[in-house]
Structure formats: C-alpha cells, structure tokens
A.B. asks: 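Quick one: structure below, then a few questions.
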There are 2 protein chains.
Amino acid sequence: MATMQDVARLAQVSVSTVSYVLTGARPISQGTRAKVLAAMAQLDYQPNAMARGLASRRSRILGLLLPMDERGLGATETAFVTGAAAAASAVGYHLVLSPVGGGGDLDGLRRLASQRMFDGVVLMEVQLADERVGALQQAGVPLVLIGRTGDTAGLSYVDIDFEQTVREAVAYLVGLGHRQIVYVNHSAETLASGYGPALRTRDAFVTAMTGHGLEPVMIPAQDSAAGGRAALAAAITRTPGLTAVLAMNETAVFGILGELTGRGLAVPDDVSVVSMVTSPQVAELATPALTAMTSPGSALGRIAVEALVRHLDGAGDERHQQLLPCALEIRGSTAAPRSRHPDGG
Amino acid sequence: MATMQDVARLAQVSVSTVSYVLTGARPISQGTRAKVLAAMAQLDYQPNAMARGLASRRSRILGLLLPMDERGLGATETAFVTGAAAAASAVGYHLVLSPVGGGGDLDGLRRLASQRMFDGVVLMEVQLADERVGALQQAGVPLVLIGRTGDTAGLSYVDIDFEQTVREAVAYLVGLGHRQIVYVNHSAETLASGYGPALRTRDAFVTAMTGHGLEPVMIPAQDSAAGGRAALAAAITRTPGLTAVLAMNETAVFGILGELTGRGLAVPDDVSVVSMVTSPQVAELATPALTAMTSPGSALGRIAVEALVRHLDGAGDERHQQLLPCALEIRGSTAAPRSRHPDGG
DNA sequence: CCGCTTCGTCGAACCGCTTCGACGAGCCGG
DNA sequence: CCGGCTCGTCGAAGCGGTTCGACGAAGCGG
C-alpha cells in the first residue's frame with residue numbers, strides 16, 4: 001500500500017502538492033502534475049479512504065436506512081435500494097445498507113448519526129408521523145426521504161404521486177365502463193400505523209370515485225396471497241356486482257386473481273384487475289399479465305441519492321421535493337365490463 | 001460533537017485511558033472506568049468512525065459486491081442481501097452495497113480494494129471461472145463467496161447444495177410416479193457464461209434421472225414469463241408425454257403455469273410443477289401455490305457475513321466452506337400423474 | 001527487607017490525508 | 001524601476017482516534 005508520502009518522495013514534491021493534484025483544491029503546473037501522476041501510476045497508488053475521510057470530514061458514505069422486518073423487501077423496495085446504490089456508486093459515493101429497527105430504536109439511530117460515518121442518509125419507509133426524521137435532523141445529518149411525512153416543511157423527499165396515480169387508475173377503469181370498483185389496500189394494522197401510501201391512496205380513491213359520482217369501497221388486506229383471497233371474498237360480499245378491483249398490494253393481488261379464478265370469475269371478462277405501484281417484472285408474472293400502475297422503481301432511489309449528493313457537494317440548502325406518478329401500463333387483466341355498455345348506459 | 005479529548009479532560013484522565021476504557025485493550029480500574037463512563041454519558045460522546053478506522057486500520061465496514069444489471073435483484077438475491085445486512089449490523093459492522101460491473105470492471109474492483117475502505121467483502125453471483133476472486137485475493141482482501149467457483153481451494157464460501165436439492169426434487173417426483181420429467185433451466189446464454197447454479201443443477205439433473213433409469217431432458221429458458229411459455233412449448237414438443245416440470249427459474253415458472261393453463265393442462269392433475277430455489281413468498285403467489293425447494297434465503301447472507309467477521313476478528317485463517325440444501329415444501333402444484341400408478345407400474 | 005513482577009496510567013508517536021499560512025518567482029501597471 | 005498581484009509550491013498543524021514504551025505503586029517470594 002503506497003501512501004502519499006511515497007508518491008511525494010518519488011515525484012520529488014511535497015505531500016501537499018500531491019494532495020492538490022488529487023483534489024484540485026489549488027492550481028498545479030502542468031509539469032508538476034505530470035510528475036505526480038507518473039509517480040502515482042508507478043506505485044499503483046490509491047488514497048486511503050479512512051484517512052481522507054478523517055482529514056476532510058467527509059466520508060463519502062451515504063446511509064440507506066430501512067426497517068427490515070421478517071419478510072424482507074418487496075420488489076418495489078428492492079428497486080429503490082438498487083437504484084440508490086447505483087446512483088451513489090456513479091457519483092463516487094458508497095451506500096451503506098443500514099437496517100434500523102422500525103420502532104423504538106431511535107437511540108441506535110442517534111448513535112449511528114453521531115459516529116459521523118455518513119455524510120448524509122436516505123430514509124425509506126417513512127410514516128406519516130415519523131420520529132426518526134426529527135432525530136436525524138437534530139443530529140444534523142443531511143437527509144432525503146423516500147416517501148414523506150405528513151408535514152414536509154423543510155424536508156427533502158422523493159415520493160410517488162399517489163393522488164395522481166389513483167386518479168388515473170380510477171379514470172381508466174371508469175372510462176372502460178366500470179362502475180362498481182373495489183379498492184384493496186394494505187392491512188388495517190398498516191393503515192393504523194400511519195403508513196403514508198396506504199392512507200394517501202385511500203383518500204385519493206374516495207376523492208376520485210366521488211368525483212365520478214360512484215361509491216368508494218375499500219377493503220384492507222394482509223400482504224399475502226391468502227390476504228388477497230380473503231379480501232376478494234369480503235369485496236364480493238360487500239359489493240356483489242363488482243366488475244373491477246384496484247389493488248394497492250403487490251402480494252395480495254395474486255391471491256385475488258387466484259380467488260377470482262376459483263370462483264369461476266374470468267379475468268378480465270368478468271372482473272378487471274389493476275395493480276397499483278407494481279413493477280413490470282411482477283406484473284408479467286400473473287396470468288393474465290396485470291394491467292398496472294408501474295412504479296418509478298429505481299428512479300426514486302436514484303433521484304433521492306442525487307438530490308442528497310447535490311446538497312452535500314453544493315453549498316445549497318435548497319429542499320428537493322418531488323412527486324413521481326406511476327404510469328398506466330395496460331396488459332391483459334382489464335377490459336370493459338361484460339354486462340354493461342362502456343359508457344355506463 | 002464531543003471528542004475523546006473532551007471526555008479525558010472532564011474525567012481528568014489521559015486520552016489513552018479513555019481509549020482503553022472503550023476498547024478494553026488494557027486493564028482499567030473500577031474507579032477510573034466509572035469516571036470515564038460518566039464523562040462519556042454526560043457529553044453524549046460517540047467515537048468518530050473515521051478516526052477510529054484510520055488509527056486502528058479497521059473500518060468495520062464490509063463490502064457486498066454484486067453485479068447489478070438492468071433488471072435488478074430477484075427475490076432470492078434480495079434475501080441474501082437483507083440477511084447479510086442484518087447480520088453485519090448485529091455484530092457491529094456496516095455493510096456497503098457495492099454494485100460492480102459484471103464484466104470488465106476488474107480495475108474498478110482493484111481500486112476499491114486498495115482504498116482500504118472494506119475490512120472484507122462478500123462476493124455474490126460468482127461464476128465458475130470468476131476473475132474477480134483472484135483480483136480480490138491478490139489485493140489482500142478477506143473474502144467470502146456466496147456461490148462458488150469451480151476450484152474452491154483456499155476459498156471461503158457459502159452456497160446452496162444444488163446436487164442434493166436436485167436429487168431430492170427428482171426423487172420426490174419419481175416417488176409420486178412421474179417418469180417424464182423435464183428440467184427448465186436458465187437461458188442458454190447464462191449457461192454459456194458459466195453460471196454455477198445453472199451448470200451444477202444441469203449436471204445433477206442428469207445424474208439423478210439416470211440414476212432412476214430415466215431420460216434427462218433439459219430446456220433452457222429466458223428469465224421471464226415469456227421465456228417460461230416458450231420453454232414449456234419446447235418441452236411439450238420434445239417430450240409430448242411429460243407429466244412433470246422441474247424449474248430452476250423463479251420468473252419463468254410463472255410463464256410455465258400460464259402456458260400450461262392456456263393449453264388446457266391442469267396443474268397438478270395433468271402436469272406437476274416443482275420450482276427450485278424459491279422463497280415461500282414467491283411460491284405462494286402462484287395459483288396453485290408452488291411446491292418448491294425453498295431456498296435458504298437470508299441464512300446464506302447471514303452465514304457468509306458471520307464467517308467473514310469471524311475471520312476478521314479472530315486471527316484464524318481457517319476456511320469456511322458450507323453447502324445448504326433447499327428444503328422441499330409441498331404445496332398445490334404437485335400430485336401423482338393422472339394416467340399412471342404411483343409406483344410407475 | 002529487597003528485587004521483580006504485575007497493574008493502572010500517562011505521554012507521545014503515529015495512521016494517511018487535507019488545508020492553511022507563508023513565501024519565492026514571475027508579471028502587471030504606473 | 002518598483003510595489004503589489006497572482007501562481008505554484010512547501011512545511012506544518014491538525015482530523016480523532018490507537019497503541020507502544022515507560023513508569024510509579026503495589027504485591028510477592030525468598
């Protein structure tokens with residue numbers, strides 16, 4: 001492991017000159033620069049990350065904080081992570097995957113923040129009221145959220161535009177002629193815990209349906225195929241004439257499809273299904289392939305990291321607040337309802 | 001940000017004493033220790049990670065190197081990652097997610113290794129002949145593989161026991177009475193690239209089938225639902241009387257199910273399907289739920305990190321080589337073949 | 001009672017890099 | 001021709017810890 005000293009000695013300059021060649025913090029003449037670069041090449045020199053971090057007080061490490069419960073990450077979250085990692089790598093930063101206990105581990109978070117290992121952090125799975133945000137801000141760590149709290153004043157975040165996504169999905173189904181549309185959300189517990197996407201889409205669904213003069217029916221579902229089956233059963237009991245299901249639950253939607261088939265209801269001829277915030281890969285797994293609101297996926301992670309790095313590198317303290325809608329991708333799980341005219345007769 | 005100096009001053013001891021209290025490298029008396037701990041608590045002291053890393057030449061950061069191509073991580077890989085992250089966190093290490101270009105980025109790898117940011121690395125998606133292994137070893141970075149190369153001499157690795165997994169899967173199907181079993185593998189390109197799991201399972205399938213006196217038929221498939229459909233079509237052409245499919249392709253298996261249904265073949269009554277190296281979550285998504293060889297998932301990631309940390313903390317240079325089989329979990333996609341007796345009569 | 005460990009603590013030398021102040025050398029305008 | 005700049009470089013002081021050698025005090029066997 002060659003050090004800067006070695007390079008300086010070989011190039012017959014001082015260490016500070018070598019440092020300036022590397023960082024560009026001060027002008028260096030052509031000739032000197034060439035000598036230094038040659039010496040570096042000859043010694044196969046690589047700057048020591050720790051030393052650089054200590055001296056410059058910039059670790060060039062970003063933290064990606066995500067609660068990791070028992071059942072791991074869904075496809076959507078995984079896309080956030082990979083997008084963030086790729087973006088960080090592209091701008092010369094490292095990305096640490098830091099599993100933080102969802103709940104009471106605030107102290108652990110504070111400790112982490114105080115170790116000054118992270119120049120900044122991306123916080124995932126944000127609740128509407130999330131005490132982690134305050135703790136992090138208080139610790140003085142630059143912060144970008146994927147998702148957002150209820151009050152976003154002074155915060156940087158990237159999130160899915162749930163309102164618009166729901167509006168488009170409902171408009172699409174209504175346009176096909178559907179009138180009895182049931183919304184299958186995450187579980188009641190998830191809703192109660194203040195999980196933003198579940199709550200925002202719930203409200204947006206009410207607004208959208210009411211706007212079309214239709215009755216909004218929402219059914220919660222556990223995040224599992226079995227949960228989807230149960231939810232569909234509940235939905236049919238509640239709304240026997242339903243012709244379309246809008247599902248905000250990547251996992252449950254497969255159970256919904258199964259239960260539909262099991263009851264002799266054809267998709268899409270008897271019942272149409274639209275899956276919200278879903279990746280193409282997952283949508284293609286279903287039979288028929290799911291018409292879905294395609295999640296921005298890795299783009300969210302990428303944008304979050306880019307915003308964070310811009311904040312760190314630039315002196316700016318401007319906030320980055322951005323919402324990305326999901327794009328409607330029509331596949332085989334939707335059609336006009338069988339028993340009505342498309343215009344709703 | 002309080003420093004060690006501040007703590008030492010408040011506790012009226014020297015910095016080295018504070019350091020010894022923290023690291024336990026030398027004995028400290030009860031009284032002194034108490035004074036120091038009190039001072040730390042009062043100042044809310046947290047050691048600076050960079051400084052500690054520089055002085056001790058141990059960053060307490062592990063790298064998780066994985067090629068990240070366009071389509072992101074599958075459920076199995078995601079489980080590795082989360083398992084590794086949780087394990088690292090549990091033993092006081094950080095885990096950096098480092099996307100390394102699959103192919104020619106060896107120089108980038110070497111550079112990364114020379115920066116001394118990682119105390120050790122876990123390498124994922126290992127090929128049978130993987131030049132990254134040599135590069136890393138040469139750079140002197142402690143290394144554990146998830147997966148393994150062809151020659152594992154002197155290497156530490158954790159991998160799935162593909163041979164046993166295939167043997168069990170085949171034995172199970174044969175036991176049910178199946179005789180015409182087709183193996184759907186990853187794509188031909190993947191096989192050609194030397195991807196270990198694809199090659200090992202291929203060979204194991206041949207061995208297992210031959211051992212039962214049956215003809216081994218393998219069909220490659222793209223990693224997509226469409227690839228699965230195409231593969232099933234090819235399989236039926238090749239083996240019109242097939243009664244069971246063994247699939248080593250989490251994504252394609254959904255296409256296989258779809259195509260089967262599309263052709264009026266019932267699962268499991270007409271054709272049984274077993275999915276290899278599959279997580280319960282994914283298996284439950286299918287209709288019917290997939291009988292699967294359940295992948296060890298996060299356990300692999302955890303074991304890899306634990307082995308690596310043991311190697312780093314202990315002085316030992318013993319190798320850790322471990323194979324974990326997938327466990328057969330019977331769900332709804334398998335049954336005895338319709339047209340024959342269970343004993344194959 | 002003496003010399004020798006062992007225990008607990010201190011001071012100082014790093015670890016490898018960044019950054020600040022200083023300074024000689026050219027260059028400019030007046 | 002001179003004062004004052006800017007340019008390019010150097011030396012040294014950190015950054016915040018770890019670790020080694022030293023050293024006084026206490027404990028011990030002979």
Side-chain angles (χ1 to χ4, degrees), chain A residues 1-37 39-40 43-61 92 111 113-119 312-313, chain B residues 1-37 39-40 43-61 92 94 111 113-119 312-313 315:
Chain A
M1 285 308 111
T3 75
M4 216 171 223
Q5 300 267 10
D6 303 327
V7 174
R9 199 174 307 126
L10 182 59
Q12 310 196 63
V13 297
S14 73
V15 276
S16 46
T17 300
V18 177
S19 176
Y20 291 133
V21 167
L22 229 39
T23 64
R26 286 195 185 178
I28 295 290
S29 69
Q30 267 307 321
T32 308
R33 177 192 312 285
K35 273 197 306 183
V36 170
L37 290 176
M40 284 183 180
L43 295 174
D44 197 21
Y45 169 75
Q46 285 301 131
N48 179 300
M50 293 289 121
R52 191 199 276 261
L54 176 58
S56 66
R57 280 163 291 279
R58 313 266 321 268
S59 65
R60 299 192 79 80
I61 298 177
R111 214 170 310 129
S114 304
Q115 291 180 177
R116 307 273 97 177
M117 162 149 302
F118 301 147
D119 288 349
L312 293 174
D313 285 351
Chain B
M1 286 307 112
T3 75
M4 217 171 219
Q5 300 269 8
D6 303 327
V7 175
R9 199 174 307 128
L10 182 59
Q12 309 197 64
V13 298
S14 72
V15 278
S16 46
T17 300
V18 177
S19 176
Y20 292 132
V21 168
L22 228 40
T23 64
R26 284 193 186 178
I28 295 290
S29 69
Q30 268 308 319
T32 307
R33 178 193 311 285
K35 273 196 307 181
V36 170
L37 290 177
M40 283 184 181
L43 294 175
D44 196 21
Y45 169 75
Q46 286 301 133
N48 179 300
M50 293 288 122
R52 193 199 275 260
L54 175 59
S56 66
R57 282 164 288 280
R58 313 265 323 265
S59 64
R60 301 192 79 79
I61 298 177
H94 291 282
R111 214 170 310 129
S114 305
Q115 290 179 181
R116 308 274 96 178
M117 162 150 300
F118 302 149
D119 287 350
L312 293 175
D313 286 351

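None of these values were measured; they are calculated from a predicted model. Chain naming here is simple, since letters A, B, ... match the order of the sequence lines and numbering starts at 1 in each.
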A.B. asks: B:Arg52 and B:Thr23: which non-hydrogen atoms are nearest, and at how many Å?
C.D. replies: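 Taking every non-hydrogen atom into account, NH1-CG2, 4.5 Å.
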A.B. asks: Can you check the A:Gln115 CD to D:dG16 P distance for me, whole Å?
C.D. replies: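 Checked: the CD to P distance equals 15 Å.
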A.B. asks: Using only atom types and a distance under 3.5 Å, with no angle test, would you say the side chain of B:Ser59 pairs donor to acceptor with the backbone of B:Met117?
C.D. replies: yes
A.B. asks: Among all residues two or more places apart in sequence or in another chain, which pass the salt bridge (Lys or Arg N to Asp or Glu O under 4.0 Å) test with A:Arg9?
C.D. replies: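 A:Arg9: salt bridge (Lys or Arg N to Asp or Glu O under 4.0 Å) contacts with A:Asp6.
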A.B. asks: Please state how far atom NZ in B:Lys35 lies from atom P in C:dG8, giving the value in whole angstrom units.
C.D. replies: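 Whole-Å distance recorded here is 14 Å.
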A.B. asks: So, is B:Thr23 close to the D:dT18 phosphate, meaning a side-chain N or O under 4.0 Å from OP1 or OP2?
C.D. replies: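 Checking B:Thr23 against D:dT18: no side-chain N or O falls below 4.0 Å of OP1 or OP2.
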A.B. asks: Return the value, rounded to whole Å, for the distance between atom CZ of B:Arg58 and atom P of D:dG17.
C.D. replies: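 Rounded to whole Å, this separation is 18 Å.
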A.B. asks: Would the base of C:dG21 count as contacting A:Arg26 through its side chain, where contact means a donor and an acceptor less than 3.5 Å apart?
C.D. replies: yes
A.B. asks: What's the CG-P distance between B:Asp6 and D:dG16, to the nearest Å?
C.D. replies: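 To the nearest whole Å, that distance equals 9 Å.
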A.B. asks: Phosphate oxygens OP1/OP2 of C:dT18: is one of them under 4.0 Å from a side-chain N or O of A:Ser19?
C.D. replies: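 So the side-chain polar atoms of A:Ser19 do come within 4.0 Å of the phosphate oxygens OP1 or OP2 of C:dT18, strictly under.
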A.B. asks: Please figure out whether A:Leu22 or B:Pro27 has its closest DNA chain C nucleotide nearer the 5' end.
C.D. replies: B:Pro27
A.B. asks: Do the non-hydrogen side-chain atoms of B:Tyr45 and B:Leu22 ever get within less than 4.5 Å of each other?
C.D. replies: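 A side-chain contact under 4.5 Å exists here.
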A.B. asks: Does the D:dG17 base have a donor-acceptor partner in the side chain of B:Arg60 within less than 3.5 Å?
C.D. replies: no
A.B. asks: Just by distance, no angles: are the side chains of A:Ser19 and A:Ser16 close enough, under 3.5 Å, to form a donor-acceptor pair?
C.D. replies: no
A.B. asks: With rounding to the nearest 0.5 Å, note down the distance linking CD1 in B:Ile28 to CZ in B:Arg33.
C.D. replies: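 Result: 7.0 Å between the selected atoms.
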A.B. asks: How would you label the contact of B:Val13 with the nucleic acid (heavy atoms, under 4.0 Å): base, sugar-phosphate, or nothing?
C.D. replies: sugar-phosphate
A.B. asks: If you define the side chain from C-beta out and look only at heavy atoms, does anything of B:Met1 sit under 4.5 Å from B:Asn48?
C.D. replies: no
A.B. asks: Distances under 3.5 Å between protein N/O atoms and the N/O atoms of nucleotides 12-16 of chain C, please, pair by pair.
C.D. replies:
from	atom 1	to	atom 2	distance (Å)
C:dC15	O4'	B:Arg57	NH1	3.2
C:dC15	O2	B:Ala55	N	3.4

A.B. asks: Whole Å only: how far is the CD1 atom of A:Ile28 from the P atom of D:dC7?
C.D. replies: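 So the CD1-P distance, A:Ile28 to D:dC7, works out to 13 Å.
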A.B. asks: For D:dG29, which nucleotide in any strand shown is its Watson-Crick or wobble partner with both distances under 3.5 Å?
C.D. replies: C:dC2
